[in-house]
Amino acid sequence: MKKNIFFLLLILSVTVLICISCASTPDAPGAGGATAPESSGVYTHLVGVSTMNAEAARRRGIDFTAPDYFPSDWESVESQFSHARSMPESTDDEVIAAAAALDAVAHEYDVLFWKTTPLYAQAREDEIMEHREHIVHSGFSGVFPQYLKKADDIALASKAQYDAGAYYNARDLADEALVEYETLHLGSRVYAARQEIVDRGFIEYDPENFLRADEIARSALTAYEAGNRETATANAEEALLRYNIVRENGWTSYASVRRDGAVKERELALEERANVASRETYREAEVSFNRAEENLAARNFTAAGLAYIDAEAMFAISRKETVERRQRAEEAIRQAEEKIGESSESAVEAERIIEGGSR
């Protein structure tokens with residue numbers, strides 16, 4: 001009985017081993033039902049993480065305009081990214097290879113980002129400084145220093161964030177500062193237009209528009225101080241339009257007045273024969289006068305008025321030079337005549353001495 005039980009156990013063990021052996025033996029090459037080994041799933045998450053990193057790096061590059069600065073390099077990395085995302089992921093080895101390719105792409109995007117950020121920052125600084133220079137040179141900042149300080153403080157905060165490596169914060173603050181400078185630049189143009197009208201006495205040519213422009217400009221200032229930038233900008237633009245109308249009307253009339261002055265000085269210069277005695281200066285005046293005439297014919301009244309001013313001044317200078325030269329010439333003639341007279345007297349005295357000594 002014991003022998004029978006032992007025999008049955010032996011047969012069962014052998015059968016189990018044979019089944020296990022058959023189950024673990026791979027199919028022969030070319031045999032029906034053969035398949036490649038599948039991914040275990042252990043590394044699958046790698047591709048997801050690597051894709052997210054690559055997309056984040058790509059986003060950074062786009063946000064700081066890397067494609068604009070390095071277009072060919074960007075296209076190359078874009079092609080690598082497309083290829084990496086299409087790589088097979090059926091096996092663990094393929095998953096690892098795809099993740100590595102995506103990591104390499106992320107690195108390339110980052111390289112372009114690091115190359116771009118200083119260029120991006122410099123470009124934005126150049127924009128800001130261009131607006132700031134206009135604001136300062138117009139004299140606007142001297143009248144409203146607190147407005148420029150506000151913009152400067154934002155710009156300095158942006159630089160501090162950039163130096164700390166907080167590039168997105170730096171970008172957002174730079175955008176905010178640029179908007180401030182753009183708004184102040186518009187304000188400086190309004191201020192400069194008004195000052196030119198006042199300084200040149202153009203108010204009398206269009207007082208109604210000038211007073212209305214002043215009223216709108218004050219509304220723009222009130223809106224800006226209240227933080228209503230949209231209304232402030234709209235009002236400032238309308239005020240600038242009206243000031244420009246006044247200025248244009250002023251230059252139109254002023255050009256006519258200045259032409260009369262230039263023509264009068266030209267006639268006086270010709271009477272003094274300055275075109276001969278002070279030829280170079282007179283020719284320079286003629287060039288300015290002819291340029292003024294051309295601009296007047298083309299209705300470029302500002303350019304015409306300025307050229308007439310130059311011409312009038314140069315004709316006057318040529319006339320003055322002619323008078324001074326004539327006076328110097330007359331003085332030279334007088335001195336020469338005196339010397340001739342002195343020479344004659346000396347000759348007579350010498351002759352008298354000689355005659356007296358021969359007696």
Side-chain angles (χ1 to χ4, degrees), residues 45-87 95-138 140-141 145-189 224 227 229-230 232-233:
H45 71 286
L46 290 178
V47 174
V49 172
S50 296
T51 300
M52 290 176 59
N53 289 339
E55 289 176 345
R58 182 176 185 271
R59 183 73 260 168
R60 284 193 295 273
I62 292 174
D63 288 344
F64 286 84
T65 67
D68 295 337
Y69 287 105
F70 305 100
S72 58
D73 292 342
W74 185 265
E75 288 180 8
S76 177
V77 182
E78 288 279 86
S79 178
Q80 293 177 44
F81 191 25
S82 178
H83 172 72
R85 284 187 293 190
S86 65
M87 291 177 66
V95 169
I96 293 172
L102 289 165
D103 290 340
V105 167
H107 173 71
E108 292 301 319
Y109 278 131
D110 279 339
V111 168
L112 292 180
F113 170 76
W114 291 116
K115 290 169 64 176
T116 298
T117 47
L119 300 177
Y120 180 90
Q122 186 61 56
R124 186 50 53 86
E125 181 180 342
D126 291 343
E127 283 185 274
I128 285 173
M129 291 306 299
E130 182 179 358
H131 288 296
R132 193 179 190 282
E133 287 174 7
H134 281 288
I135 294 165
V136 172
H137 291 162
S138 70
F140 180 83
S141 59
Q146 69 276 22
Y147 298 153
L148 184 61
K149 183 180 184 303
K150 176 184 176 183
D152 285 346
D153 287 345
I154 299 171
L156 291 173
S158 172
K159 186 178 186 308
Q161 289 294 304
Y162 177 82
D163 292 341
Y167 298 112
Y168 276 94
N169 288 343
R171 184 197 64 173
D172 293 343
L173 285 169
D175 289 343
E176 183 181 347
L178 184 58
V179 170
E180 286 292 330
Y181 285 115
E182 287 173 342
T183 303
L184 296 182
H185 187 179
L186 174 59
S188 72
R189 291 171 61 199
Y224 176 77
R229 192 181 306 279
E230 184 176 350
T233 300

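Between the side chain of Tyr181 and the backbone N or O of Asp152 there is at least one donor-acceptor pair closer than 3.5 Å. Checking side-chain atoms of Ser138 against main-chain N and O of Ile135 turns up a donor-acceptor pair under 3.5 Å.
Atom NE2 of His107 sits about 13.5 Å away from atom CG of Asn53, to the nearest 0.5 Å. A distance of 11.0 Å separates CZ in Phe140 from NE2 in His185, rounded to the nearest 0.5 Å. Note: Leu178 CG to Glu127 CD = 5.0 Å, rounded to the nearest 0.5 Å. Interatomic distance, NE2 of His131 versus CD of Glu133, reported as 11.0 Å (0.5 Å rounding). With rounding to the nearest 0.5 Å, the separation of CG in Leu46 from OG1 in Thr51 is 10.5 Å. Going from atom CZ of Arg189 over to atom CG of Leu184 covers 13.5 Å, rounded to the nearest 0.5 Å.
The heavy-atom pair separating Ala151 from Ala177 by the smallest distance is O-CB, 4.2 Å. The minimum heavy-atom distance linking Gly61 with Phe113 is given by the pair N-CD1, 4.3 Å. Smallest separation of non-hydrogen atoms from Ala170 and Ser158: O-OG, 2.8 Å. The nearest pair of heavy atoms linking Ala57 to Ala106 is CB-O, 3.6 Å.
With sequence neighbours excluded, no residue forms a salt bridge (Lys or Arg N to Asp or Glu O under 4.0 Å) with Asp126.
Using a 4.5 Å heavy-atom cutoff, the side chains of Leu102 and Met87 are not in contact. With a 4.5 Å cut-off on side-chain heavy atoms, Asp172 and Gln161 do not count as touching. Annotation: side chain of Glu180 is in contact with side chain of Arg229 (closest heavy-atom distance under 4.5 Å). Taking the side chain as every heavy atom from C-beta outward, Val105 and Arg85 never approach each other to under 4.5 Å. For the pair Arg132 and Val136, the minimum side-chain heavy-atom distance is below 4.5 Å.
For the ring-ring contact (aromatic ring centres under 6.0 Å, His included) with Trp114, the lone residue among Tyr120, Tyr167, Tyr109 that qualifies is Tyr167.
Atom NZ of Lys159 has 12 or fewer heavy atoms from other residues, nucleotides or ligands within 6.0 Å. The environment of CD in Glu230 is sparse: at most 12 heavy-atom neighbours from other residues, nucleotides or ligands sit within 6.0 Å.
For the pair Lys150 and Tyr224, the cation-pi criterion (under 6.0 Å, within 45° of the ring axis) is fulfilled.
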Do any side-chain atoms of residues 66-76 form donor-acceptor pairs under 3.5 angstrom with protein atoms, and if so which ones, sequence neighbours left out?
from	atom 1	to	atom 2	distance (Å)
Tyr69	OH	Leu119	O	3.4

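A centroid separation of less than 6.0 Å is found between the aromatic rings of Phe64 and Tyr168.
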Legend entry - side chain to side chain contact (heavy atoms under 4.5 Å, CB included) between Leu112 and Glu108, worked out: CA-CA 6 Å; Leu112 292 180; Glu108 292 301 319; over 6 Å; no
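By the 4.0 Å N-to-carboxylate-O rule, Glu78 lies close enough to Arg58 to be salt-bridged with it.
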